[in-house]
Amino acid sequence: MALLAGKRDLVVLAHGAELTPPQQRWRRTLWALLRRWTLERARLVVANSRYTANLVSRSAPRAAVRAIPLAVDHERFSPGDRDAARARFGVEPGSVVVGTVTRIQAFKGIDVVLRAIAAVPEAKRTRLVYLMGGKGDALAELQHLARSLGIERNVRWLGFVPEADLPDLYRAMDLFALCTREQLDRRNVEGFGMVFLEAQASGTPAGGTRIG
């Protein structure tokens with residue numbers, strides 16, 4: 001619309017999912033043409049990661065794209081008192097804590113973490129706590145999976161976690177885990193993944209999949 005209105009000095013910010021095909025088949029060809037036409041006429045396309053920049057280049061080969069990775073406030077997300085953070089979330093001393101913060105959707109791979117916890121020998125699993133922060137439409141399905149795997153006592157479903165509480169939640173963890181799947185046909189991608197940086201800035205190692 002900006003280009004059609006005569007604006008020529010256009011900069012586009014690209015995050016990921018908007019560069020994947022629409023789910024409606026009748027829109028896909030038209031959307032692809034409009035997307036390429038727009039991106040290749042922009043003065044600059046700023047992508048939030050190399051992965052997203054690659055999506056831009058695949059959609060519009062002649063687009064002027066640059067990847068500028070996102071960042072976090074390292075003063076807000078910083079190492080702190082792990083024991084105090086755990087006490088805040090009701091975690092018993094001596095526990096091994098794995099955690100995830102994300103929208104609870106199927107493509108986020110929370111089921112992978114649940115199955116990994118179930119694979120831990122029962123004697124060691126008694127000390128393992130999984131803190132799951134977030135809400136979403138896959139919650140009931142994942143809660144059922146946890147029950148069927150016999151690990152419902154290990155999982156703490158925290159629901160929505162306010163921004164002010166996130167640093168302590170990351171500090172409470174021994175490991176942050178997010179096992180995202182790429183589902184381009186459903187417009188599900190991990191364009192960058194701010195939570196990985198937030199966890200690491202808080203002094204917690206982060207593990208993930210080679211997606212996004």
Side-chain angles (χ1 to χ4, degrees), residues 11-20 44-58 65-86 88-89 91 95-114 116-117 128-136 138-139 142 155-184 187-212:
V11 175
V12 177
L13 302 180
H15 289 267
E18 74 278 10
L19 298 164
T20 58
L44 178 65
V45 181
V46 177
N48 65 352
S49 67
R50 290 191 298 272
Y51 170 81
T52 303
N54 184 55
L55 290 180
V56 172
S57 297
R58 284 162 53 184
V65 58
R66 297 291 183 272
I68 303 179
L70 300 174
V72 299
D73 182 348
H74 64 87
E75 293 180 351
R76 177 171 169 239
F77 293 99
S78 59
D81 189 329
R82 193 176 298 274
D83 291 335
R86 290 184 173 192
R88 183 175 180 184
F89 288 95
V91 176
S95 299
V96 176
V97 183
V98 178
T100 301
V101 179
T102 189
R103 287 172 290 132
I104 302 181
Q105 296 178 302
F107 84 100
K108 291 292 187 175
I110 299 163
D111 61 301
V112 176
V113 182
L114 294 177
I117 291 171
L128 198 155
V129 176
Y130 180 40
L131 299 177
M132 177 61 241
K135 60 181 183 177
L139 176 60
L142 290 166
V155 185
R156 311 266 179 95
W157 305 97
L158 303 178
F160 173 77
V161 179
E163 287 288 326
D165 296 339
L166 283 177
D168 268 344
L169 179 54
Y170 290 123
R171 292 175 190 132
M173 303 174 188
D174 290 300
L175 173 69
F176 176 87
L178 182 61
C179 301
T180 310
R181 300 180 178 92
E182 183 180 69
Q183 298 176 329
L184 293 177
R187 310 197 78 182
N188 292 330
V189 299
E190 194 74 69
F192 183 77
M194 288 290 291
V195 288
F196 293 106
L197 287 192
E198 291 173 351
Q200 291 179 92
S202 301
T204 297
T209 45
R210 289 183 178 274
I211 296 298

S49 side chain to F192 backbone, donor-acceptor under 3.5 Å: no
Value rounded to 0.5 Å, distance of CG in L139 from CZ in R103: 14.5 Å
Lys/Arg-Asp/Glu bridge criterion (N-O < 4.0 Å) met for D168, R171: yes
Check: T102 and I110 side chains under 4.5 Å, non-hydrogen atoms: yes
V161 vs V101 side-chain heavy atoms within contact, under 4.5 Å: no
Salt bridge R88-D81, side-chain N to carboxylate O under 4.0 Å: no
For F196 against G208, the heavy-atom pair lying closest together: CE2-CA, 3.9 Å
W157 CH2 to L142 CG distance, which is reported to the nearest 0.5 Å: 5.0 Å
Check: L197 and F77 side chains under 4.5 Å, non-hydrogen atoms: no
CE on M173 to CG on L131, rounded to 0.5 Å: 6.0 Å
Heavy-atom neighbours of R50 CZ exceed 12 at 6.0 Å: no
Taking every non-hydrogen atom, the tightest pair across D174 and S95: OD2-O, 3.8 Å
Where S202 and P167 come nearest, the two heavy atoms and their spacing: OG-O, 4.2 Å
Non-hydrogen atoms of A177 and T100 that approach each other most closely: O-OG1, 2.6 Å
Closest non-hydrogen atom pair between A47 and V65, with its separation: CB-CG2, 4.2 Å
Side chain proximity check, R181 to V112, heavy atoms < 4.5 angstrom: yes
Distance-minimising heavy-atom pair for A138 and A106: CB-N, 3.8 Å
Nearest-0.5 Å distance, CG of residue L13 to OG1 of residue T52: 11.5 Å
Side-chain donor or acceptor of R86 paired with backbone N/O of A172 under 3.5 Å: yes
Side chain proximity check, T204 to E198, heavy atoms < 4.5 angstrom: no
Pairwise distance OG1(T180) to CD(Q105) - rounded to 0.5 angstrom: 10.5 Å
Point-to-point distance, once rounded to the nearest 0.5 Å, from CG of L55 to NE2 of H15: 13.0 Å
Candidates V12, L19, V46 - the one meeting side-chain contact (heavy atoms from CB on, under 4.5 Å) with V56: L19
